[in-house]
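Each remark here refers to the structure printed beneath this line.
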Amino acid sequence: MGSNWRWRRWLLVLCTIIVSGGASKPEEPLVTRIAFGSCANQSAPQPIWNAIIDFDPQLFIWLGDNIYGDVRRPFKLFGKERTIGPWKNVPRFVPSSQQEMESRYHKAKTIPGYSRLPQTAKVIGTWDDHDYGLNDAGKEFSRKVNNQRLLLNFLDEPQDSPRRKQEGVYASYIFGPTNRQIKVILLDTRYHRDPLRSDGSVLGSSQWAWLEKELNGPKTTITIIGSSVQVISNLSATTGPLFYLESWGRFPKERNRLFKLILDSKREGIFFISGDVHFGEIYRYDCATGYPLYDVTSSGLSQAVEKAVPGSLSLIVRFVAWLTPTTMRVMNQNCRFRSCTYGQPNFRAIEIDWSTTPVTLKLEVRDVNGYPVTGVKFPLLELQSLSMNSVPSIKLGTHRRHCTLEVNLPWIVRYRLAILFYFSVTGTSYIPLLNY
């Protein structure tokens, strides 16, 4: 009896080996550290790679402007090539040639710090406007097909990859062992995007159908959605008409569609990562789905707002960041600056502690030396909902924490930057606005 049992057991093992091709599939390694960033000018110093490598991520995610492939003309008010003012006669940004794009990608890939990263970390990514080929460009850009190939070459995408056959560079990945998996969904916010101020489409019909399928696919413990532009924030609603930033908030119908898609999918553990704006911060929206949605912005690896101005004006930049009305930015005592916005070169560090009960997430913006400048830490349970079928109601005029969109602020608050600028120019002050 015992020998027959042992014989049957070994026969079962043999059959299993034959069916599996002679070896069992190794379990995927656990992912505990992820880094991401954006806005890396290949012609600028990039010492930040040392801090990223010291963080020792298993995964690094590019979120766009991986190179600056277009040509920026200087500001000119007069002459035959005026680039600013209502009378400008030439565009400020123009595309560079294919040869120049290839040269810039080669230069970026061989930067000493970055060239070491793929030896220890998996590198994936999407693009934004400057590596797409033209500042603020969307679906109308004529060189997007060729530039898609150049980006995928930079990312070492396999030649048989579906990304090389589709229109757009969107993609998804799953990392980690069963029951501790992380799904990364990378969006393409350029290839199909309608013009700014159109409130048209951001993703296009084919990418929307793909995203719906991805969100309704097999569940994972964590889902990271990467967008080259900010999803939660709509600072343009409060910085205009002085200046405007690209974001999903400038396409409100599309952003609402995105939130509803997440809600309907009943998928939990989702948060966003983004870039583009040349500063780092964390945003949160509590009234889109049955749990808080975080948007963690890291920008840029070399390009940053405080580097674009003389050092003596850095305090003014920080003051404006603090003064800008925002209802979604996460504010806490651990921020290096009172605004909880960081305008120097930065990258994002994501740490997942799977050993704790419950599992905890730490999301940090780190500086060029690897030190945290702002961040949040919370249990993964916070990104779960007891009822994904109901969304907290938002009453008009009611100010709830991380629920009132910037566009719904009272006009005197929304436009206080413009009002302050006007009174500063005219030599008048209007201090009460600062007390909101």
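Here, residue 1 is the first one in the sequence, and each next residue gets the next number.
- By the side-chain contact (heavy atoms from CB on, under 4.5 Å) test, Asp194 is found to be paired with Lys139, Ser198, Ser201, residues two or more places apart in sequence or in another chain being considered.
- Under the salt bridge (charged side-chain N to carboxylate O under 4.0 Å, His left out) criterion, the residue pairs touching residues 160-174 are Glu157-Arg163, with sequence neighbours excluded.
- Residues that satisfy the salt bridge (Lys or Arg N to Asp or Glu O under 4.0 Å) test with Asp65, not counting sequence neighbours, are absent from this structure.
- Here Ile53 pairs with Arg116, Leu117 under the side-chain contact (heavy atoms from CB on, under 4.5 Å) rule; sequence neighbours left out.
- Checked by atom type, the side-chain pair Tyr294/Glu382 shows a donor-acceptor distance below 3.5 Å.
- Remark: Asp367 engages Arg336 in a side-chain hydrogen bond (donor to acceptor under 3.5 Å, both in side chains) (not counting sequence neighbours).
- By the salt bridge (Lys or Arg N to Asp or Glu O under 4.0 Å) test, Lys253 pairs with no residue at all, sequence neighbours left out.
- Salt-bridge check for Glu246 with Arg250: failed, with every basic side-chain N at 4.0 Å or more from each acidic carboxylate O.
- Sorted by first and then second residue, the salt bridge (charged side-chain N to carboxylate O under 4.0 Å, His left out) pairs with a member in residues 200-229 read Lys183-Glu214; sequence neighbours excluded.
- Qualifying disulfide (SG to SG under 2.5 Å) partners for Cys340, counting only residues two or more places apart in sequence or in other chains: Cys335.
- Judged purely by distance below 3.5 Å, without hydrogens or angles, the side chains of Ser236 and Asn234 never pair a donor atom with an acceptor atom.
- Listed by chain and residue number, Glu281 satisfy the salt bridge (Lys or Arg N to Asp or Glu O under 4.0 Å) test with Arg329 (two or more places apart in sequence, or in another chain).
- In this structure, Arg190 forms no cation-pi arrangement with Trp127, as its terminal cationic atom is not both closer than 6.0 Å to the ring centre and no more than 45° off the ring axis.
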Under 3.5 Å, sequence neighbours excluded: what are the donor-acceptor pairs made by side chains of residues 271-279?
unit_1, atom_1, unit_2, atom_2, d
Ser274, OG, Asp295, OD1, 2.8
Ser274, OG, Thr297, OG1, 2.8
His278, NE2, Tyr68, OH, 3.0

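- More than 12 non-hydrogen atoms from other residues, nucleotides or ligands lie less than 6.0 angstrom from CG of Asp54.
- Residue pairs meeting the salt bridge (charged side-chain N to carboxylate O under 4.0 Å, His left out) criterion with at least one partner in residues 306-325, sequence neighbours excluded, are Glu306-Arg318.
- In terms of the salt bridge (Lys or Arg N to Asp or Glu O under 4.0 Å) criterion, residue partners of Lys109 (sequence neighbours excluded) are, by chain and number, Asp156.
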